[in-house]
Visitor: 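Sharing a structure, written as structure tokens. Questions coming.
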Amino acid sequence: MTYIARDEWEQHFSDGRNFRQVGERERELLAEHTPVPDGGGRALDVGCGTGELAAYLASLGYTVDACDFADSALARAREENAGVESMRWLHLDIERDDPAPLHEDGYDLVVMRLMYPFVQDRGRVLHGLGERLRDGGALVVITPVAATTPEERRGIALDEDEIAVLAAGWETVERLDADGLALLVLRGPCHADTKAVEKRPTTAHALTGALAIVTDDAGRVLLGRSRRGMLELPGGKTRGPEGFAAAAVRELAEETGLVADSADAYMVTMLVDDSHGIPRLTAVVRITAWTGTLTNVEADKFDRWEFFDLHALACGGDVFVPAALAIDSVWPGVIPDLPPVVSYPLAADRPPVPGEPAEAVRLRQAMAQTVIDGGWAPSEPVRDALRTVPRHRFAPEVALADAYDGGDRAVITRRDETGAAISSVSAAWLQADMLESLRLGPGAIVFEAGSGGYNAELIAHAAGPGGRVVSVDIDPWVISRTRAFLTEAGSGRVTAIEADAALGAPAHLVPRGGFDGSMITYNCWDISPPWREQLAEGGRLVLPLEMGGYTRAIAFERHGEVLHARRFTYCGFVRDQGQQARPAPVAPLLDGALALRFDDGPVPRTEGLEEALRGRRHEVETGVTMRAVNSYFGSLQLFAATTVPGFCRLAVRQESAEAVTGIAKDRDAPAILGESSLAYLIHVQTKDSDRREDKEWEWFAYAFGEQGPELAERLVATVLAWDRHIRAEANDEHADPVLTVHPAGTPDDALPAGDVLDKVNCRMVFRWPGRDVVLPGPVERPVADAVAEGV
């Protein structure tokens, strides 16, 4: 019974044949070692056959999902267990099908009885099932062992090496005997960090070889678990005058039985490093098509070959160094903490390589629908882009569910030495919203600042077959990664350039008349002149712009030298790394427990302010309240930041300052300064309730220092004006200002009426509703010399 094909199993169960019956000892061990949790538990029987074991688990008190890929087995299971309650019979190939039918909340027990040896990609399947275990749950593998199985039936058994590999990825392993079967109780999947390791030293003067990168129809990469206890790619040394690509094709066949044509073998890069002090040159060969059945041809060198999910490679254990480096050349970032290597990428064209699991298709459609239902993608081109572009292939280091999260989650793809995110795949709804704001026509040519690949492909798809995107990023690693992913999964209509995006696109890539649209995908304190200059008349520039430290994704439309804001969206992005990068000047207070942030101005002197903070706190209620259902106050922040002279933010950095200010640690509040005085806005809960919608908060102005009462009244007037003219009950319906952006140096008399916020490269003029109402003027204070201190 060493069947592989589904039709063989269909025939097996149709003919009335069975597995070995569940023995009494198996039942006793399962009841003893995997008891039903208090309050009930859920179990999964993988490869359930006719359902004997599943029915027993139900009798123990489990609610059971029983799956098999053979319809004939499930038909018999339903018939033979018709009276059993708490059962679901699932037609599912655990190795190949979309796991959507499985319970979304996971399982307390997963059992694989007499079926694990029939699984080809054992590591991947076991990893996936381990991810579905609830806290304290167990995965039980019941299997024959090779030592007590007749030679002609060894294909249905596991040898000790296989059992050791199976057990290596778990915190606790119990091995029990069940009438000659090994019953393995595995708990706590322990995700061993991937480590690149070397083989034994060589006596050669130099090492050369070729490694083959091969993927299946789901985009998983082929790796062998060698007798040395590490994962390796197919490959080896060249022979005589043989080329590297030919060597990779030959080694693939000799080691795995898979056959590829040399025309489908593409040199990706040459890697130069050393092994125990011996120079090593490794050719990475991407094989885009193959035929044959995966077999372990060289059983003396490898335990088995399997296809691995890319996101699981970060916890794959030991990987041969050249294999890890080769994988990184195709999917940068998938395997972390690699040793240094010199890479010589080759410019040879190669086609995109298709392949994705059915689960990715389902999750992508669900993500798209979530974004559409949220109102973020009203146009069909953007909707189609969300449904089509494979987001997970531009974030291969994370699980599919994380890549296709339809909420606010961004996938962080790079961090700096402090751990701060510096590159990411943004939340899907925000990408869709910014893309909609571009209002692209068919064939549009678009500039993108900040690369990654996925967003650029969304733009290209929305612009249609004639569209093109020029994507620029200052980080060489990000550009290398973007180019690699575009080669694997792109449309061929995105050009990735390494440069400071604040300088715009290289001149030879700027279309005559300018770009139809430009999108900036990182927080910008200022608007770079080339972004306006390279934009076509009437074209749109969409960027996350910081104003007073608060960020909005704003869609601007160019008319001559002036940019006119057309749309505002609340958002947050990674910070700029280029020449426009600007740390916010700060003034620390109370030994660093507090900090005043001056995002749009220098730091004034703060003498006497610490003494004021140790004095009495003045509090003024505004009478303006909000409930949980309409608690978003971002429009108040922006209104204050752009209309109140001397605006800053009071940030709490240590818990010791919470009692002084009433602000929680790591939060900040809108603030203004006077002479040795300070006032800021805070919301205080004034009504509690068991029902969230009945809870209520009120805005207060808190102040310290002699001028505190005057400053507080100024903030109260600001809140009242916001409440009267800008605020709306629905969070997404607050009034936006009329905003125009003019080149730096534009004289005051050439600006329209409004509140002016000056940056280095531009002058922003805000006209808020109701600003003809006169607010209290600034509190008089002596002009102070400015000092600056970076964050």
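Note that the structure is a prediction, hence the values are computed from the model and not measured.
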Visitor: Are Arg649 and Phe598 in a cation-pi setup, meaning NZ or CZ lies under 6.0 angstrom from the ring centre and within 45 degrees of the ring axis?
Guide: no

Visitor: The criterion is salt bridge (charged side-chain N to carboxylate O under 4.0 Å, His left out); which residues satisfy it with Glu488, sequence neighbours excluded?
Guide: Arg286, Arg350, Arg393

Visitor: Which of these, Arg364, Glu359, Gln365, sits in a side chain to side chain donor-acceptor pair (under 3.5 Å) with Tyr404?
Guide: Arg364

Visitor: In terms of relative ring orientation, are Phe766 and Trp768 parallel, tilted or perpendicular, with 30° and 60° separating the classes?
Guide: parallel

Visitor: Given 3.5 Å as the limit, does a donor-acceptor pair link the side chain of Arg383 with the main chain of Ala377, or not?
Guide: yes

Visitor: Looking at Arg414 and Asp475, is any side-chain nitrogen of the basic one under 4.0 Å from a carboxylate oxygen of the acidic one?
Guide: yes

Visitor: Between Leu681 and Ala669, what is the shortest heavy-atom contact and its length?
Guide: O-CB, 3.2 Å

Visitor: Which atom pair, heavy atoms only, marks the closest approach of Pro544 to Ile520?
Guide: CD-O, 3.0 Å

Visitor: Would you call the rings of His564 and His559 parallel, tilted or perpendicular if under 30° counts as parallel and over 60° as perpendicular?
Guide: perpendicular

Visitor: Which distance, rounded to the nearest 0.5 Å, do you find between the CG of Asp599 and the CG of Leu757?
Guide: 10.5 Å

Visitor: Closest heavy-atom contact between Met519 and Leu438?
Guide: CE-CD1, 3.7 Å

Visitor: Can a donor-acceptor pair be found between the side chains of Ser491 and Glu457 at a distance below 3.5 Å?
Guide: yes

Visitor: Do Gln431 and Arg391 get their side chains close enough for a donor-acceptor pair, meaning under 3.5 Å?
Guide: yes

Visitor: Salt bridge check, Glu557 against Arg540: does any charged N sit closer than 4.0 Å to a carboxylate O?
Guide: yes

Visitor: So which of Thr521, Val411, Val398 actually passes side chain to side chain contact (heavy atoms under 4.5 Å, CB included) with Val425?
Guide: Val411

Visitor: Looking only at heavy atoms, what is the nearest atom pair of Thr661 and Tyr680, with distance?
Guide: O-OH, 2.7 Å

Visitor: Before giving the answer on side chain to side chain donor-acceptor pair (under 3.5 Å), spell out for Gln534 and Ser518 the whole-Å C-alpha distance, their side-chain angles and the decisive distance to 0.1 Å.
Guide: CA-CA 9 Å; Gln534 293 185 349; Ser518 295; over 6 Å; no

Visitor: Ignoring hydrogens and geometry beyond distance, is a side-chain donor-acceptor pair present between Ser451 and Ser471 at under 3.5 Å?
Guide: yes

Visitor: Consider only side-chain N and O atoms of Trp697 and Thr686, and report whether a donor and an acceptor are under 3.5 Å apart.
Guide: no

Visitor: Report the distance from atom CE of Met367 to atom CG of Leu400, rounding to the nearest 0.5 Å.
Guide: 12.0 Å

Visitor: Would you say Glu104 has more than 12 foreign heavy atoms packed within less than 6.0 Å of its CD?
Guide: no

Visitor: Would you call the rings of His683 and Trp699 parallel, tilted or perpendicular, where under 30° means parallel and over 60° means perpendicular?
Guide: perpendicular

Visitor: Under 3.5 Å, is there a donor on one side chain and an acceptor on the other for Asp600 and Trp525?
Guide: yes

Visitor: What is the distance from atom NZ of Lys759 to atom CD of Glu546, rounded to the nearest 0.5 Å?
Guide: 7.0 Å

Visitor: Taking all heavy atoms of Val472 and all of Ala499, pick out the closest pair and write down the distance.
Guide: CG1-O, 3.4 Å

Visitor: How are the rings of Trp376 and Trp429 set to each other: parallel, tilted or perpendicular (split at 30° and 60°)?
Guide: tilted

Visitor: Could you give me the CA-CA distance, side-chain angles and deciding distance for Arg558 and Arg532, then say whether side chain to side chain contact (heavy atoms under 4.5 Å, CB included) is met?
Guide: CA-CA 7 Å; Arg558 180 183 179 181; Arg532 181 191 71 247; 4.1 Å; yes

Visitor: Taking atom CZ of Arg567 as the centre, does the number of heavy atoms from other residues, nucleotides or ligands within less than 6.0 Å exceed 12?
Guide: yes

Visitor: Quick one: CG on Leu543 to OG on Ser437, what's the gap to the nearest 0.5 Å?
Guide: 11.0 Å

Visitor: Checking side-chain polar atoms at under 3.5 Å, does Thr643 have a donor or acceptor matched by the opposite partner on Asp755?
Guide: no

Visitor: Is there a side chain to side chain contact (heavy atoms under 4.5 Å, CB included) between Leu739 and Ile554 once you walk through the steps?
Guide: CA-CA 10 Å; Leu739 169 61; Ile554 305 178; 3.9 Å; yes

Visitor: With under 30° as parallel and over 60° as perpendicular, where do the rings of Phe447 and Phe515 fit, or are they tilted in between?
Guide: tilted

Visitor: State the NE2-CG distance between His461 and Leu458, to the nearest 0.5 angstrom.
Guide: 9.0 Å

Visitor: Measure across Thr622 and Val716 and return the closest heavy-atom pair with its distance rounded to 0.1 Å.
Guide: CG2-CG2, 3.9 Å

Visitor: So how far is it from Asp736 CG to Arg566 CZ, rounded to the nearest 0.5 Å?
Guide: 13.0 Å

